[in-house]
Amino acid sequence: MTEANENLLTQHKITVLLIDDQPMVGEAVRRMLEGEEDIDFHFTSDPGGAIAEAERLGPTVILQDLVMPEIDGMTMVRFMRANQKLKDVPLIVLSTKEEPATKAEAFGLGANDYLVKLPDRIELLARIRYHSRGYINLLQRNEAYEALLESRDAMRRELAVAADYVTSLLPSPLSDGDIRADWRFIPSASLGGDSFGYHWLDDDHFAMYLLDVCDHGVGSALLSVTAMNVLRSQTLPETDFLKPEKVLEALNDSFQMDKQNNLYFTMWYGVYSRSSKSITYSSGGHPPALLIRNGEASQLRTSGMIIGGMPDMTYTSDTVQVEGGDRLYVFSDGVYELKKVSDGKMWAFDEFVGFMSKTSGELGVPVDSLVEHARRLQGAEAFDDDFSMIEFEFA
């Protein structure tokens, strides 16, 4: 723990409570501790009210006589250790004799130390400070742990709100027309930087895109949403959104990582032409989209650097023809980069492609099949990275 963090924790003063039925013993101990500015001393000669007094004071160490009227000293030790507020407070028992059997019984019941009264002043001070220091450290560790749990819970709430916000911006599924679309977005526990969208650019051209910001957390999600909003509103300056390679070049210039808290993203962007039945696409460091026709998968990807890595990068595009019944899957690496519980190895990309090639069913069914299969492979419901996949079906 750093010095700065220590200063944020509650500072506790050494507080001693002596429980003894003899006032003369109380006065003797008071004089021993007199002048020690770091120690607060308290004394009670009433064994019956000792537990309540200890709860009120919150001592860092308790000195307790073993021979008292009204209550047996060993019974008092039991009461101390059964009390939720006092069970961890160091307890030094005082006795008039050095008896091994009595020591053993006291330690067995939970006493921390044993002194024959009255002890030497130097020894008593050393034991009080030693036990108090250990107890104060325990209190501060517990406080730090509670603060950590609170911080973790607050972060989880923050991530859940961010995940809901990202989901609210995603497009609605398309159930009819030349292009039908459905998607699945399952945020990871730490929230990655996935976002995606699709929309008509004009009567003939339909844009489709998915991006994945590096790292996890709210910062990555915000960058992802910002980039998605730029695409959705088509506000990149002097950019022809019908040309995927120009879109990636403009995004790269607008979102340089040195101005985005060292965050960058990968991306796949495609434009479907209704008149020519073709998809023109470009990618920057992103997994290929899969175009599946009659159980055969074509990988749609162009060579291109991550978005934001270096300024003035040039990107290329390619074009593929589309037939009725073809399905296109655009996704992030979180859908296949998972460790198999069976052998601890990563699921190979080729195995993922093979699985998707064999899927069938109504729109959305193949993606749901993938979700179920991935969860079985990794042996867990939650994903380490965002699971994002869009499925398009062409008429």
Side-chain angles (χ1 to χ4, degrees), residues 163 166-167 170 181-198 208-217 220-221 224 228 264-270 279 281-307 318 320 326-361 363-393:
V166 171
T167 303
L170 299 177
D182 200 0
W183 51 264
R184 299 292 181 271
F185 173 60
I186 306 173
S188 66
S190 55
L191 184 63
D194 289 9
S195 62
F196 52 82
Y198 45 80
M208 318 169 262
Y209 45 87
L210 189 148
L211 60 93
D212 181 2
V213 179
C214 69
D215 209 354
H216 294 77
S220 296
S224 180
M228 182 175 67
Y264 61 85
F265 56 90
T266 67
M267 183 170 187
W268 190 96
Y269 183 95
I279 299 174
Y281 58 90
S282 183
S283 59
H286 200 81
L290 298 181
L291 182 65
I292 297 181
R293 178 182 303 158
N294 300 324
E296 295 292 329
S298 299
Q299 299 183 26
L300 310 185
R301 176 167 56 184
T302 60
S303 60
M305 274 196 63
I306 57 175
I307 308 300
D318 206 346
V320 64
D326 286 357
R327 293 197 180 185
L328 178 71
Y329 297 92
V330 185
F331 48 88
S332 64
D333 56 14
V335 307
Y336 65 86
E337 287 189 348
L338 51 90
K339 184 179 291 186
K340 295 183 290 184
V341 69
S342 60
D343 57 12
K345 296 180 179 179
M346 298 299 292
W347 193 25
F349 183 74
D350 288 344
E351 293 176 317
F352 158 71
V353 174
F355 177 86
M356 292 305 301
S357 300
K358 296 175 182 177
T359 57
S360 60
L363 190 71
V365 171
V367 184
D368 287 336
S369 298
L370 173 63
V371 171
E372 294 175 6
H373 184 67
R375 284 172 168 162
R376 284 196 300 270
L377 284 178
Q378 67 182 7
E381 287 288 306
F383 291 94
D384 291 335
D385 199 357
D386 287 356
F387 182 106
S388 302
M389 177 175 273
I390 323 170
E391 179 182 12
F392 299 99
E393 184 177 30

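Side chains included, hydrogens not; waters and symmetry mates left out as well; all remaining heavy atoms used. Residue numbers run from 1 in the order of the sequence given.
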Engineer: For residues Val335 and Leu338, report the shortest heavy-atom separation together with the two atoms involved.
Structural biologist: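 The answer is O-CD2, 4.0 Å.
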Engineer: Partners of Arg184 by side-chain contact (heavy atoms from CB on, under 4.5 Å), sequence neighbours excluded?
Structural biologist: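 Arg184: side-chain contact (heavy atoms from CB on, under 4.5 Å) contacts with Asp182, Val367, Asp368, Phe387.
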Engineer: Output the distance between atom CG (Leu170) and atom CZ (Phe185), rounded to the nearest 0.5 Å.
Structural biologist: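 These two atoms lie 6.0 Å from each other.
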Engineer: Please evaluate residues Phe352 and Leu290 with respect to the criterion side-chain contact (heavy atoms from CB on, under 4.5 Å), reporting the C-alpha separation (whole Å), side-chain torsions for both, the decisive distance (0.1 Å), and the verdict.
Structural biologist: CA-CA 11 Å; Phe352 158 71; Leu290 298 181; 4.0 Å; yes
Engineer: What I'd like to find out is whether the side chain of Leu377 reaches to under 4.5 Å of the side chain of Phe355, using heavy atoms alone.
Structural biologist: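 No, their side chains stay 4.5 Å or more apart.
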Engineer: Quick check: do Ser282 and Tyr269 have side-chain heavy atoms less than 4.5 Å from each other?
Structural biologist: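 Not touching, per the 4.5 Å side-chain cut-off.
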Engineer: Short question: side chain of Ser220, backbone of Gly193 - any donor-acceptor pair under 3.5 Å?
Structural biologist: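 A pair under 3.5 Å: no.
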Engineer: Measuring from Phe392:CZ to Asp326:CG, what's the distance to the nearest 0.5 Å?
Structural biologist: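 It comes to 13.5 Å.
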Engineer: Is the backbone of Ser224 close enough, under 3.5 Å, to the side chain of Ser195 for a donor and an acceptor to pair up by distance?
Structural biologist: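 Yes, the answer is positive, given that a donor and an acceptor are paired below the 3.5 Å cut-off.
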Engineer: Please report the interatomic distance CZ(Phe331) to CE(Met389), rounded to the nearest 0.5 Å.
Structural biologist: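 So the CZ of Phe331 and the CE of Met389 are separated by 5.5 Å.
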Engineer: Rounded to the nearest 0.5 Å, what separation is found between the OG atom of Ser298 and the CG atom of Leu328?
Structural biologist: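 Going from the OG atom of Ser298 to the CG atom of Leu328 covers 10.5 Å.
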Engineer: Run the side-chain contact (heavy atoms from CB on, under 4.5 Å) test on Tyr281 and Leu291 for me, step by step, so that the C-alpha distance in whole Å, both residues' side-chain angles and the decisive distance to 0.1 Å come before the verdict.
Structural biologist: CA-CA 12 Å; Tyr281 58 90; Leu291 182 65; over 6 Å; no
Engineer: Keeping the roles fixed (side chain from Arg327, backbone from Glu393), state whether a donor-acceptor pair exists under 3.5 Å.
Structural biologist: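 Looks like no, no N/O pair under 3.5 Å.
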Engineer: For Ser283, does its backbone N or O pair with a side-chain atom of Thr302 as donor and acceptor, under 3.5 Å?
Structural biologist: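 Here the side-chain-to-backbone pair exists.
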Engineer: Nearest 0.5 Å, please: how far is CE in Met356 from CD in Glu351?
Structural biologist: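 Answer for the CD-CE pair, Glu351 versus Met356, is 14.5 Å.
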Engineer: Measuring from Asp215:CG to Tyr264:OH, what's the distance to the nearest 0.5 Å?
Structural biologist: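 Here the rounded value is 9.0 Å.
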Engineer: Is the count of non-hydrogen atoms from other residues, nucleotides or ligands lying under 6.0 Å from Lys340 atom NZ greater than 12?
Structural biologist: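 Enclosed.
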Engineer: Going by heavy atoms in the side chains, are Pro288 and Phe349 under 4.5 Å from each other?
Structural biologist: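 Pro288 vs Phe349: side chains touch.
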Engineer: Does Asp343 CG have over 12 foreign heavy atoms under 6.0 Å away?
Structural biologist: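 Counting neighbours around CG of Asp343, more than 12 heavy atoms of other residues, nucleotides or ligands fall under 6.0 Å, so yes.
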Engineer: Kindly give the heavy-atom pair with the smallest separation between Pro366 and Ser360, and that separation in Å.
Structural biologist: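 Distance-wise, the nearest heavy atoms are CG-O, 3.8 Å.
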Engineer: Is Trp347 close to Gln378 at the side-chain level, that is, under 4.5 Å between some pair of heavy atoms?
Structural biologist: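 They are not in side-chain contact.
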Engineer: State, to 0.1 Å, how close Gly364 and Glu391 come at their nearest heavy-atom pair, and which atoms those are.
Structural biologist: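 Reported closest heavy-atom pair: N-OE1, 2.8 Å.
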Engineer: Is the CZ atom of Phe196 crowded by more than 12 outside heavy atoms at less than 6.0 Å?
Structural biologist: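 Atom CZ in Phe196 is crowded, with more than 12 foreign heavy atoms closer than 6.0 Å.
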Engineer: Got Leu370 and Tyr336 here, is their nearest side-chain heavy-atom distance under 4.5 Å?
Structural biologist: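 Leu370 does not reach Tyr336 side chain to side chain.
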Engineer: What residues, two or more places apart in sequence or in another chain, satisfy side-chain contact (heavy atoms from CB on, under 4.5 Å) together with Thr266?
Structural biologist: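 By the side-chain contact (heavy atoms from CB on, under 4.5 Å) rule, Thr266 matches Asp212, His286, Ile306.
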Engineer: Can you tell me if Asp386 uses its side chain to pair, donor with acceptor, with the backbone of Ser188 under 3.5 Å?
Structural biologist: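 The answer is yes, because a donor-acceptor pair under 3.5 Å joins these two groups.
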Engineer: For residues Tyr209 and Met228, determine if any side-chain heavy atom of one lies less than 4.5 Å from a side-chain heavy atom of the other.
Structural biologist: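 Touching, per the 4.5 Å side-chain cut-off.
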Engineer: A side-chain contact here means heavy atoms from C-beta on lying under 4.5 Å apart; do Asp385 and Ser332 qualify?
Structural biologist: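 Asp385 vs Ser332: side chains apart.
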